[in-house]
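Only a predicted model underlies this, so the values are computations on that prediction, with no experimental measurement involved. Ligands are counted one by one from 1 in listed order, and the atoms in each one are counted from 1 as well.
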Amino acid sequence: MPDIHARLSASGAKKWINCPGSIQLEENFEDKPSEFAQEGTNAHALGEAKIRLATKEYNRTKYHNAIRNIDITEDMEDYAEGYKNFVIERYNSALRKTPDAILMLEQRLDFSNYVPDGFGTGDAVIIANGKLEIIDLKYGKGVEVSAVENPQLRLYALGAYEAFDMLYGIEKVTMTIYQPRLDNISSESITAAKLLEWGETVKKAAQLANDDSVTDCIAGSHCDTGFCKARPACRAYTAEKQRLAVYDFKAPALLTTEEIADVLDQSAAIKKWAELVSDYALDQAYKHGVQYPGFKVVEGRSNRKYSKPDTEVAKILTDKGYSEDDIMVSKIKGITDIEKLLGKKTFSDILGPYIMKPPGKPTLVHSEDKRPAISSAEQAQEDFKNDIN
Ligand code: SF4
């Protein structure tokens, strides 16, 4: 769950660890409520209730009361069920080794010994003799989140370590991201000693970030992955994006392969930056009357649409003698909708043999991308020739 009150939040830790000036600069920008935040909150509440039912902490009545006011989509039901199964499986595994292992849900974790006023909420915390595991449900599907060297999870782990080490003598710490909508389960295990050592470096970074006399802004990948609110107006971020200006708009054929790789590396970030600046300027101009020389706010283009529901429009036309064939289009629903209607298993039983996935258009991506590289067309022809010879 998001930690919303601490000035130096755990979810923003990657940002303030790398850029001490970001805390102050971001304070000049409003928080924009995310349309997906409520969905994430609902998924967490449903997952939590399912686990409490599975561990018999809730009976059926309590469970239904807990989920009564949650807006649950069918997808969410499946994803929360998967999360529940995952947590229970991890808990059972801990119980097999330590019969008095404990599972805590939505546990407040206080790491203020490392970060001023720092706290967060651990979605699922499992503690057994010598071992601690933090499981964090991420319901978003925009960006795949890794648990490796993830400062948010490490700060939560520090909070849990401080609270439970005395009782359980924690030596090993595992931090896991469960991100069902991207089929992503990512884990990192480190020794408690390494966690504490990391905690000391973060303590220094947190002091720096919390010090209002420190205004150094240092740009890097954390600006985008940390969704820094200051990006549209941050000079350090802008300077980083302008790095490509050294190529002076040379034709691609005049650039070296290394220079082209550099442009490829930066182009998505520059596109994103231009969008950020554009959205920020529109917001400032429309809501706050800021005038940008040479620009004005107008109504965007829009398409005509019926002012009444389709059924009413259809009736108007059939009353005038037009046939349904002339005015209606009938087509089968898309795969996602049919799968929702049938459920995954029935869908697979009935339609599995009739589903195909055509090869995607060749796309140049960063070498860290998980998809395997494909051969070029020429290479494929060569391979084919070699196969038949
Ligand atoms: S955009 Fe980047 S450099 Fe600028 S304040 Fe935010 S994190 Fe720091």
- Check: Y63 ring centre within less than 6.0 Å of Y58 ring centre: no
- Is it true that I17 and V115 fall in one hydrophobic cluster, defined by side-chain heavy atoms closer than 4.5 Å? yes
- Query: Less than 4.0 Å between a side-chain N and a carboxylate O, is that true for E197 and K194?
  - Reply: no
- Is K345 close enough and on-axis enough to F347, meaning under 6.0 Å and within 45°, for cation-pi? no
- Query: Nearest 0.5 Å, what's the CG-OG1 distance between L105 and T121?
  - Reply: 12.0 Å
- Measure up the F29 and Y280 rings against each other and bin them: parallel (under 30°), tilted (30 to 60°), perpendicular (over 60°). tilted
- Note on the structure: Near atom 2 (Fe) of ligand 1 (protein N/O/S, cut-off 2.8 Å, waters excluded) we have C223 SG
- Message: Within the 4.0 Å heavy-atom shell around L25, which atoms of ligand 1 are there?
- Response: 5 (S)
